[in-house]
There are 2 protein chains.
Amino acid sequence: MNNNPRKKEIISKAARLFKKRGYSAVTMRDIADSLNIKAASLYNHINSKQEILATIIIEIAEAFTSGMVEVQTPQLTTQEKLQKIIELHIDLTVKNPEAMACLNNDWMHLEEKLPYFVKMREDYEENFRAILKKGIAQGEIGSRDIEIMLFSMLSTLRTLYIWYTKKDGVSAVSLKNDLPVTLLKGIIK
Amino acid sequence: MNNNPRKKEIISKAARLFKKRGYSAVTMRDIADSLNIKAASLYNHINSKQEILATIIIEIAEAFTSGMVEVQTPQLTTQEKLQKIIELHIDLTVKNPEAMACLNNDWMHLEEKLPYFVKMREDYEENFRAILKKGIAQGEIGSRDIEIMLFSMLSTLRTLYIWYTKKDGVSAVSLKNDLPVTLLKGIIK
DNA sequence: AAAAACAACTAACAATCGTTAGTTTTGTAA
DNA sequence: TTACAAAACTAACGATTGTTAGTTGTTTTT
């Protein structure tokens, strides 16, 4: 649907700027400058600023949605499912940290696509919750407040992009090694 | 220093809007509308939009800084220190979730106060790191990647405001009960 | 009652916003 | 070489931005 290479460049540069300053603080002239062209020239390739944002966010949101489908393989244990969710977040963050930042910080500036996005996010959380709930019922995980476990894991996973992209931050390798055990087993011995 | 009640109202209303849409997307006219006055009237009480943001963020950032001082009581165990850090975040979030949102999402739009803020945040993280490091040395906590433990806890604590303020979200009581054990002991039995 | 301080107002400013129209340049295919 | 399409450009638009100046009404102090 969208293999125009120049358009991809624009979206990529825009995502970088959105991550740093947020959608509202970035102007079309900022985006154009980062490509060494004039703002009006952007419109040979894209229809609006809003379209750029929607393209960035919806693509990665759909990746999470389809990733969650695979997580829900019935024969997996709860721990294996949680492990797979963690890996899904690591993979998508490593592949595109700028899009992750937009997803987290600028989703509320979506217009036409906002209901579609919110629905996907709600479904994702609901599926996550169901996994935790089943895990408690089966005695695999501690029977504490489900919302707290859910939000604790999701908060960490969703803001991975902050720590992954900063210098002297965490690497993809150490994330895959140590993040699951940190989240699942905790910090205290 | 700042006990002008009308100014406090303005800052409070502004914080609410900043939390919802972000600093850059909120106009002075939006803030004025929420107080049923005109935008120009705001300037009888505040000097600039930027001053509003700085007031919100610096106040709560300083609360974290002074809270961290108390955490560092030498006779506490590592677990007790971590427990106190969690309580500090819960308390400040419950007291002012709007300011927490600004702190997290809009700090990069600080201008004059940006270096001061960044210094406080770096110091806070460094103190946190030192506690974890000592905990590992003393065998109180698992010897895994410190950065991952640090970012895992901080990510959860810093985005508490999202879950605390949404309907059917978590309550202050269940947070104090279940968040420490979730973070410190993990999810899996 | 007069004076001073406070807090709202109207009107407008220069700058910047996303976007459009129309034109010129550049690269490719015939 | 010519013809065409793609992608840049200049110029400008109407709307909105944060903010200022000057004024009016209201409350508090003298």
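Residue numbers begin at 1 in each chain, while the letters A, B, ... track the order of the sequences.
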- Taken in chain and number order and not counting sequence neighbours, the residues that satisfy salt bridge (Lys or Arg N to Asp or Glu O under 4.0 Å) with B/Glu51 are B/Lys7
- Note on the structure: Quick note, ring-ring contact (aromatic ring centres under 6.0 Å, His included) partners involving residues 9-36 of chain B, not counting sequence neighbours, are B/Phe18-B/Tyr23, B/Tyr23-B/His109
- Note on the structure: What residues 43-50 of chain A contributes to the DNA chain D interface at heavy-atom separation below 4.0 Å is A/Asn44, A/His45
- Item | Gap between atoms CZ and P, on A/Arg6 and C/dG27 respectively (whole Å) | 13 Å
- salt bridge (Lys or Arg N to Asp or Glu O under 4.0 Å) involving B/Arg158 - partner list, sequence neighbours excluded: B/Glu125
- Task: With salt bridge (charged side-chain N to carboxylate O under 4.0 Å, His left out) as the test, would you mind laying out the steps for B/Asp30 and B/Arg21 before giving the verdict?
- Result: CA-CA 11 Å; B/Asp30 292 332; B/Arg21 307 210 302 274; 2.7 Å; yes
- Which ones in residues 28-42 of chain B lie close to DNA chain C, meaning a heavy atom under 4.0 Å from one of its atoms? B/Arg29, B/Ile37, B/Lys38, B/Ala40, B/Ser41
- Can you name the residues that form a salt bridge (Lys or Arg N to Asp or Glu O under 4.0 Å) with A/Lys49, not counting sequence neighbours? none
- Sequence neighbours left out, what pairs pass side chain to side chain donor-acceptor pair (under 3.5 Å) with at least one residue falling in residues 92-101 of chain B? none
- Item | Separation of C/dA8 P from B/Lys7 NZ (nearest whole Å) | 14 Å
- Message: What is the distance, to the nearest angstrom, from the CD atom on B/Glu51 to the P atom on D/dT20?
- Response: 12 Å
- What pairs of residues pass the ring-ring contact (aromatic ring centres under 6.0 Å, His included) test when at least one of them lies in residues 161-187 of chain A, not counting sequence neighbours? A/Trp163-B/Phe151
- Hits for salt bridge (Lys or Arg N to Asp or Glu O under 4.0 Å) against B/Glu87, two or more places apart or cross-chain, chain-then-number order -> none
